[in-house]
Amino acid sequence: MPKIIHYRNKCIGCNSCVEHAPSFWQISEADGKSDLQGASEKKGVFQKTISLIEVDDNQKAAEDCPVKIIKVIS
């Protein structure tokens, strides 16, 4: 199964990921950074397993991220 890896501490809150995959990403009201919904966290790195049909939108989010902190691993 593919997965998303998000290095949240380096997020600048540009909202690009939310625009591409709003069912996965949300900007936190607390600090303005993006949250990967339903992800598990380990040492500041967030991960979420996704289905194959969810890869495309999240890959676009990863490609458009200006600080390149989103990785989609197939």
Roughly how far, to the nearest 0.5 Å, is [atom2] of [Y] from [atom1] of [X]?
X   : Y   : atom1 : atom2 : value
K48 : M1  : NZ    : CE    : 11.0 Å
E29 : D35 : CD    : CG    : 10.5 Å
C65 : H20 : SG    : NE2   : 10.0 Å
Y7  : K71 : OH    : NZ    : 7.0 Å
I69 : N9  : CD1   : CG    : 8.0 Å
S23 : N58 : OG    : CG    : 7.5 Å

Between [X] and [Y], which heavy-atom pair has the shortest distance, and what is it?
X   : Y   : value
L52 : P2  : CD2-CG, 3.6 Å
P66 : I12 : CG-CD1, 3.8 Å
E41 : K43 : OE2-N, 3.4 Å
I70 : A62 : O-CB, 3.3 Å
C17 : A61 : CA-CB, 3.7 Å

*asked:* Under 6.0 Å between ring centres: does that hold for H6 and W25?
replied: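 Yes, close enough.
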
*asked:* Under 4.5 Å between side-chain heavy atoms, counting indirect links through other Ile/Leu/Val/Met/Phe/Trp/Tyr residues: same cluster for F24 and I5 or not?
replied: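 Yes.
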
*Are V45 and I50 connected in the hydrophobic side-chain network, where two residues link if heavy atoms are under 4.5 Å apart?*
yes

Crowding at [atom1], [X] (>12 non-hydrogen neighbours, <6.0 Å):
X   : atom1 : value
K33 : NZ    : yes
K10 : NZ    : no
K3  : NZ    : no

_Residue pair D31, R8: steps toward the side chain to side chain contact (heavy atoms under 4.5 Å, CB included) verdict_ = CA-CA 11 Å; D31 63 5; R8 188 180 188 280; 2.8 Å; yes

*Distance-only side-chain donor-acceptor flag, E19 / S16, under 3.5 Å*: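 No, because no side-chain N or O of E19 sits under 3.5 Å from a partner of the opposite role on S16.
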
